[in-house]
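Here is the structure we will look at.
All figures in this text were calculated on a predicted structure; none of them were measured in a lab.
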Amino acid sequence: MQSSNGRSRGAGDGPERASEHPEDHNPPARDVTYEDPWYDALASGWGELDGTGRRAPTVPPARRERSGTAVHARDVYVAVQRSAAFQEVRDRYRRFVVPGVIGFLLWYVGYVVMATTMPGLMARPVAGAVNVGMLAGLGQFLSTFLLTWAYSRHARLRRDRAALELRWETQELTRGVQGGTS
């Protein structure tokens with residue numbers, strides 16, 4: 001049988017002997033080129049030189065910024081975090097999420113506890129082969145979808161606009177601190 005590289009392969013009746021193909025056991029040549037154009041490109045920081053004969057820095061900076069600019073930008077974010085608008089957005093989020101999570105966890109744990117401690121109640125038929133346990137299990141799915149819908153509606157109506165305005169204001173303040181560059 002002939003392989004795609006021109007060497008014969010065994011017919012499946014046993015392993016080939018190394019003496020049949022001595023060229024297979026030679027070490028690979030060091031000047032092998034690959035068809036991949038990215039093979040010769042070194043990753044940043046992997047030993048390439050910077051043009052002067054010295055090693056390039058391992059991670060070149062993306063852009064040069066003044067050290068004082070980062071401090072001022074940080075101050076903008078701290079000021080926004082302390083602002084009344086940010087606190088209001090965060091409070092609106094918490095007023096919805098905390099009761100929602102507590103209610104959902106109580107409903108879920110109640111379902112699991114009832115399923116394990118009251119199998120007679122959960123096995124009580126409601127209509128045909130449908131019993132209380134099946135309805136409660138489907139109620140878990142339904143409550144998940146309802147809670148997701150309520151959360152997205154609450155976010156859209158109560159928080160998204162205020163959060164977007166806050167984000168816009170923060171970006172404008174940060175852009176002003178950095179001298180108009182983004």
What's the spacing between [X] [atom1] and [Y] [atom2] if we round to 0.5 Å?
X: Y108; Y: F104; atom1: OH; atom2: CZ; result: 8.5 Å
X: D160; Y: E165; atom1: CG; atom2: CD; result: 11.0 Å
X: T170; Y: F86; atom1: OG1; atom2: CZ; result: 9.0 Å
X: Y77; Y: R82; atom1: OH; atom2: CZ; result: 15.5 Å

Cluster check [X], [Y]: I/L/V/M/F/W/Y, side chain < 4.5 angstrom:
X: L142; Y: L147; result: no
X: V80; Y: W168; result: no
X: V112; Y: M118; result: yes
X: Y111; Y: L135; result: yes

For the residue pair [X] and [Y], what are the closest heavy atoms and their distance?
X: P125; Y: G128; result: CB-O, 4.1 Å
X: Y93; Y: Y151; result: CE1-OH, 3.6 Å
X: A136; Y: W107; result: O-CZ2, 3.7 Å
X: A162; Y: V89; result: CB-CG2, 3.6 Å

Can you confirm whether [X] sits close enough to [Y] that some side-chain heavy atom of one is under 4.5 Å from a side-chain heavy atom of the other?
X: R158; Y: F96; value: no
X: L121; Y: M114; value: yes
X: V132; Y: R124; value: yes

Verify the neighbour count for atom [atom1] of [X]: are there more than 12 heavy atoms of other residues, nucleotides or ligands below 6.0 Å?
X: R95; atom1: CZ; result: yes
X: R92; atom1: CZ; result: yes
X: R153; atom1: CZ; result: no

State whether the side chain of Q87 and the backbone N or O of Q81 hold a donor-acceptor pair below 3.5 Å, judged by distance alone.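 Checked: pair present.
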
Side chain to side chain contact (heavy atoms under 4.5 Å, CB included) between V109 and V113, intermediate numbers included: CA-CA 6 Å; V109 170; V113 167; 4.0 Å; yes

Any salt bridge between R159 and E88, counting N to O under 4.0 Å?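 Judged by the 4.0 Å cut-off on N to carboxylate O distance, R159 and E88 do not form a salt bridge.
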
